[in-house]
Structure formats: C-alpha cells, structure tokens
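Counting starts at 1 for both ligands and their atoms, following the listed order. Below, all heavy atoms of this structure are taken into account, side chains as well, without hydrogens, waters or symmetry copies.
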Amino acid sequence: MSARRVALVTGSNKGIGLAVVRALCKQFDGDVFLTARDVGRGQAAVEGLKGEGLSPLFHQLDITDPASVRAARDFFKAQYGGVDVLINNAGIAFKMADTTPFGIQAEVTLRTNFFATRNVCNEFLPIIKPGGRVVNISSMMAFTTLGRCSPDLQACFRSDDITEEELVGLMERFVKDAQDGAHSQRGWPDTAYGVSEIGLINLTRIQARRLMAERPGDAILCNAACPGWVRTDMAGPKAPKSPDEGAVTPVYLALLPPGAKEPHGQLVSEKMVQPW
Ligand code: NAP
Ligand code: DDD
C-alpha cells in the first residue's frame, strides 16, 4: 500500500473538474486522480495534462453506476488506505432551450447531481482519512432556486436539523411532482438543476454534521463550493470565468491547511462563506 496522500476528482475529463485536477497536480502534495465515466475520454484528458508537464493518474468512475463507485472505493482503500481529498464535481444540466419533458429532466438531473453524488459520498466518506477534505461542487443558483420554492419547502431546506432521509424524501417528491406535471402547484420552481443544487448544499450540511458527530477527532472538513459562472460545455462560451478560474474556490477548500477547523458544512463562493 502506498503511503502517499491521494486526491480524486469526479467527472474530471473536461470543464471545471479537469481544471481542478490541473491545479491539484501543481499544488497538492500527493497523487492526483483524474476520473471519468468514459475511459477513452479520461485517458485523453490525462494525456493532455501530461503534455503540460503534469502527472495525473487515472481511474474509471461513473457516479451513477454503483458497481463503478464500489470498485473505485475498493481501489483507493487497497492502494492508499483511503482518500485524503474527494472533490464531487461530476454533474449535468439540460440546456435552457431543451424541450425534453420536465418530468424527465427532473428525474435525469436529480439522478446524477443529487442521488449519484450522495451514493459516492456514502461509499467514500467512511474511507476519507483523518485531516481529509471533501468538496461538493454546487452552484449559487441554489439560492435563487430556494427563493422560488414555497414557504414550507424553504423552511425544510433552511432547517439546521433536516435529516438525510428527509432530504432524500424531498428530492424524490420533486421528481414525482414533476412527473405528475404538478410541481408548480406543489411549490417547486421550474428548474431541475436548481433543485438538484439545493439538494447538494443540504447534503453537504448534513454530511458535515455527521462527520462532527461520528468522527469528531478526525478533523475532516466538508464544504460545498460554487465555482462561479464558468465557460464549459455545460454553461456555454459566454460565461465570464475560465475553467482554471472556476477551479480556484474548490481547490482552496480542498487544500485548507492541516489544523483548520473551518469552514465546515458551508457553501463557499469566491473563497467566502455564503449564509444559507
Ligand atoms: P461539464 O463541462 O459539462 O463537465 C461535466 C463533467 O461531469 C464531465 O466530465 C462529464 O463527463 C462528467 N459527468 C457527467 N455525468 C457523469 C457521471 N455519471 N459520472 C462521472 N462523470 C460524469 O460541466 P462543468 O461546467 O465543468 O460542471 C462541473 C460541475 O460544476 C457540475 O457539478 C456543475 O453543476 C458545477 N457548476 C458549473 C457551473 C458553470 O458555470 N459551468 C456553475 C456552477 C456549478 P462526460 O464528458 O463523460 O459527459
Ligand atoms: O451557475 C450555474 O450553476 C450555471 C450557470 C447559470 C446557468 O445558466 N445555468 C446553471 N449553470 C449551469 S448551465 C445551466 C444553466 C441553467 O440555468 N439551466 C436551466 C436549468 O434550470 O437547469
């Protein structure tokens, strides 16, 4: 087993994830794994970074495939004894102009951005090493989306006591309401991506609480990062930030120095904690 520290980034064959791997290769003292659901796209991205003089490693990881997630977890446990830095970056968004029925958009978007990320967390959190860092990449769009939820839903999502089961139930309810064509009358806004980001931020808050309760001495910090609006295949060419600029806050949270006690369980944008 290697004694080296290790970082892994989900969905990092392009976009912000690739930029996070690039930055970690330069700044993280240890091995950095670029992961991708498609081996060809992942290895091509690794070769690209090698062309820049960097040395990322590669592992296949499709976050929606439980067997792929377990295989990756087992690999990191066996080879490194766990993981020091986990960056949950993989995500999807339908384009604004997409005419796919909203119920399908809701199910597909939540499946990856919320349920699959949750599964990665549930498999990997037990093997995050003491002093580890977990960064869930989310979006400030969660704030605007929260403001468009019904008062009852807002109260649930703002609660400091919301449980994982309650959160999962709400995310499932959103998908069902969307499939019923009744999400608007039941208090939800018209954005599947935005609701998935609310879910991610609440998941981060819940995970942070759980880490404090279950592993109080391990000093693991878990936060959500907003990269800003970034020029990627997801967000298009008009966004103001380059992927390398979008990587700054996620990498800042990944590299919070040993002994740091905060931020923890927060949403962080431009390296600043945002009140939820
Ligand atoms: P992107 O360029 O579309 O890249 C998304 C990455 O996620 C790709 O590598 C994609 O792989 C991967 N992915 C999707 N589904 C996956 C799965 N099931 N398993 C593993 N990987 C998967 O998007 P991006 O703009 O870099 O976004 C990265 C993250 O930042 C997302 O979580 C997004 O919500 C968040 N974010 C982006 C912005 C923005 O302005 N761009 C703003 C706020 C938050 P494939 O190449 O195989 O599809
Ligand atoms: O901030 C973000 O999360 C980006 C940029 C803002 C934006 O236009 N979108 C969300 N992001 C990712 S690209 C997808 C659009 C978007 O709002 N799509 C419509 C929707 O409701 O999902």
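- Of all the heavy atoms of Val230, the ones lying under 4.0 Å from any atom of ligand 1 are found in both the backbone and the side chain.
- Atoms of ligand 1 lying under 4.0 Å from at least one heavy atom of Asp233, given by number and element, are 2 (O).
- Using a non-hydrogen distance threshold of 4.0 Å, Ala239 does not register as a contact of ligand 1.
- For ligand 1, the atoms sitting less than 4.0 Å from at least one non-hydrogen atom of Leu61 are 19 (N), 20 (C), numbered in the order shown with element in parentheses.
- Closest to atom 5 (C) of ligand 1, if we only count protein heavy atoms, is Gly91 O, 3.7 Å.
- The single protein non-hydrogen atom nearest to atom 30 (O) of ligand 1 is Ile137 CG2, 3.4 Å, given as residue, atom name and distance.
- Taking only non-hydrogen atoms, the option from Arg111, Met141, Lys14 nearest to atom 1 (P) of ligand 1 is Lys14.
- Not close to ligand 1: Thr10, with no non-hydrogen atom less than 4.0 angstrom away.
- If you look at Trp276 and Phe157, their ring centroids are not closer than 6.0 Å.
- By the 4.0 Å N-to-carboxylate-O rule, Asp180 lies close enough to Lys176 to be salt-bridged with it.
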query = Do Asp177 and Gln185 pass the side chain to side chain donor-acceptor pair (under 3.5 Å) test, and can you show the C-alpha distance, the side-chain angles, and the key distance before you say yes or no?
reply = CA-CA 9 Å; Asp177 289 347; Gln185 72 198 61; over 6 Å; no

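- The ligand atoms of ligand 1 that sit less than 4.0 angstrom from a heavy atom of Thr64 are 18 (N).
- Among protein heavy atoms, atom 42 (C) of ligand 1 sits closest to Gly228 O, 3.1 Å.
- The same ILVMFWY cluster, assembled from side-chain heavy atoms under 4.5 Å apart, contains both Leu34 and Ile16.
- Of the charged side-chain nitrogens involved, at least one lies within less than 4.0 Å of a carboxylate oxygen, so that Asp244 and Arg22 count as a salt-bridged pair.
- Within the structure, ligand 1 has Asn13 among the residues with a heavy atom less than 4.0 angstrom away.
- Applying the 4.0 Å criterion to heavy atoms of Pro227 picks out, from ligand 1, the atoms 36 (N), 42 (C), 43 (C), 44 (C).
- Contacts between Leu18 and ligand 1 below 4.0 angstrom, taking non-hydrogen atoms only, are absent altogether.
- Residue-level proximity to ligand 1 for Ala93 is absent, since no heavy atom of it falls below 4.0 angstrom.
- Between the CG atom in Asn88 and the OG1 atom in Thr10 there is a gap of 5.0 Å [rounded to 0.5 Å].
- Taken together through direct or relayed side-chain contacts under 4.5 Å among Ile, Leu, Val, Met, Phe, Trp and Tyr, Leu57 and Ile127 form part of one hydrophobic cluster.
- Each of the atoms 20 (C), 21 (O), 22 (O) of ligand 2 lies under 4.0 Å from some heavy atom of Thr191.
- Protein heavy atom in closest approach to atom 24 (P) of ligand 1: Thr232 OG1, 3.6 Å.
- For atom 10 (C) of ligand 2, the protein comes within 4.0 Å by at least one heavy atom.
- Taking a cut-off of under 4.0 Å to the non-hydrogen atoms of Gly15, the atoms of ligand 1 that pass are 2 (O), 26 (O).
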request  = With salt bridge (Lys or Arg N to Asp or Glu O under 4.0 Å) as the test, would you mind laying out the steps for Glu270 and Lys241 before giving the verdict?
outcome  = CA-CA 12 Å; Glu270 307 297 342; Lys241 280 188 176 182; 2.7 Å; yes

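- From the protein, the heavy atom lying nearest to atom 8 (O) of ligand 2 is Trp229 NE1, 4.6 Å.
- Protein heavy atom at the shortest distance from atom 22 (O) of ligand 2 is Tyr193 CB, 3.0 Å.
- Taking atom 28 (C) of ligand 1 as the reference point, the nearest protein heavy-atom neighbour is Asn89 OD1, 3.1 Å.
- Counting only heavy atoms of the protein, atom 3 (O) of ligand 2 lies nearest to Ser139 OG, 2.6 Å.
- Rounded to the nearest 0.5 angstrom, Lys50 NZ and Cys25 SG are separated by 10.5 Å.
- Of the protein's heavy atoms, Ala93 CB, 3.9 Å lies nearest to atom 14 (C) of ligand 2.
- Near Met96, with a cut-off below 4.0 Å to any heavy atom, the atoms of ligand 2 are 16 (C), 17 (O), 18 (N), 19 (C).
- Only side-chain heavy atoms of Arg41 come within less than 4.0 Å of ligand 1; its backbone N, CA, C and O stay farther off.
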request  = Determine, stepwise, if the pair Gln79 / Ser2 fulfils side-chain contact (heavy atoms from CB on, under 4.5 Å).
outcome  = CA-CA 6 Å; Gln79 297 299 316; Ser2 172; 5.9 Å; no

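- The closest non-hydrogen atom to atom 18 (N) of ligand 1, taken over Asp62, Val20, Val9, Ile16, comes from Asp62.
- The nearest protein atom to atom 48 (O) of ligand 1, hydrogens excluded, is given as Arg37 NH2, 2.8 Å; this is a heavy-atom distance.
- Near Phe94, the atoms of ligand 2 lying under 4.0 angstrom from a non-hydrogen atom of the residue are 18 (N).
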request  = Any chance you could lay out the salt bridge (Lys or Arg N to Asp or Glu O under 4.0 Å) test for Asp190 and Arg148, step after step, and finish with the verdict?
outcome  = CA-CA 9 Å; Asp190 266 320; Arg148 290 162 52 202; 5.7 Å; no

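- When each atom of ligand 1 is checked for a heavy atom of Ala235 under 4.0 Å away, the hits are 39 (C), 40 (O), 41 (N).
- Using modelled atom types, one finds a donor on one side chain and an acceptor on the other under 3.5 Å when comparing Gln60 with Ser68.
- Among all non-hydrogen protein atoms, the one lying nearest atom 12 (C) of ligand 2 is Met234 SD, 3.5 Å.
- Note on Arg205 versus Glu164: no salt bridge recorded, every NZ/NE/NH1/NH2 to OD/OE distance being 4.0 Å or above.
- Note on Phe94 and Leu110: separate hydrophobic clusters, where clusters join Ile, Leu, Val, Met, Phe, Trp and Tyr whose side-chain heavy atoms are under 4.5 Å apart, directly or indirectly.
- Atom numbering of ligand 1 starts at 1 in the shown order; those under 4.0 Å from a heavy atom of Tyr193 are 33 (C), 34 (O), 35 (C), 36 (N), 43 (C), 44 (C).
- Note on Arg133 versus Asp84: no salt bridge recorded, every NZ/NE/NH1/NH2 to OD/OE distance being 4.0 Å or above.
- Note that CG of Asp31 is 12.0 Å distant from CG of Leu24, once rounded to the nearest 0.5 Å.
- Note that OH of Tyr193 is 9.5 Å distant from OG1 of Thr145, once rounded to the nearest 0.5 Å.
- For Phe33 and Phe75, the ring centers are positioned less than 6.0 Å apart.
- Close approach to Trp229 involves these atoms of ligand 1, each under 4.0 Å from a residue heavy atom: 40 (O).
- For Ser138 and Glu197, the side-chain atoms include at least one donor-acceptor pair closer than 3.5 Å.
- Here the protein heavy atom with the shortest distance to atom 23 (O) of ligand 1 is Met234 CB, 3.4 Å.
- Nearest protein heavy-atom neighbour of atom 44 (C) of ligand 1: Ser138 O, 3.1 Å.
- Ranking protein heavy atoms by distance to atom 7 (C) of ligand 2, first place goes to Met141 SD, 4.4 Å.
- Residue Gly11 has at least one nitrogen or oxygen atom sitting less than 3.5 Å from a nitrogen or oxygen atom of ligand 1, judged on distance alone.
- Of the possible donor and acceptor atoms, none in the side chain of Thr117 sits under 3.5 Å from a partner among the backbone N and O of Phe114.
- Inclusion of Ile63 in the set of residues having an N or O under 3.5 Å from an N or O of ligand 1 is warranted.
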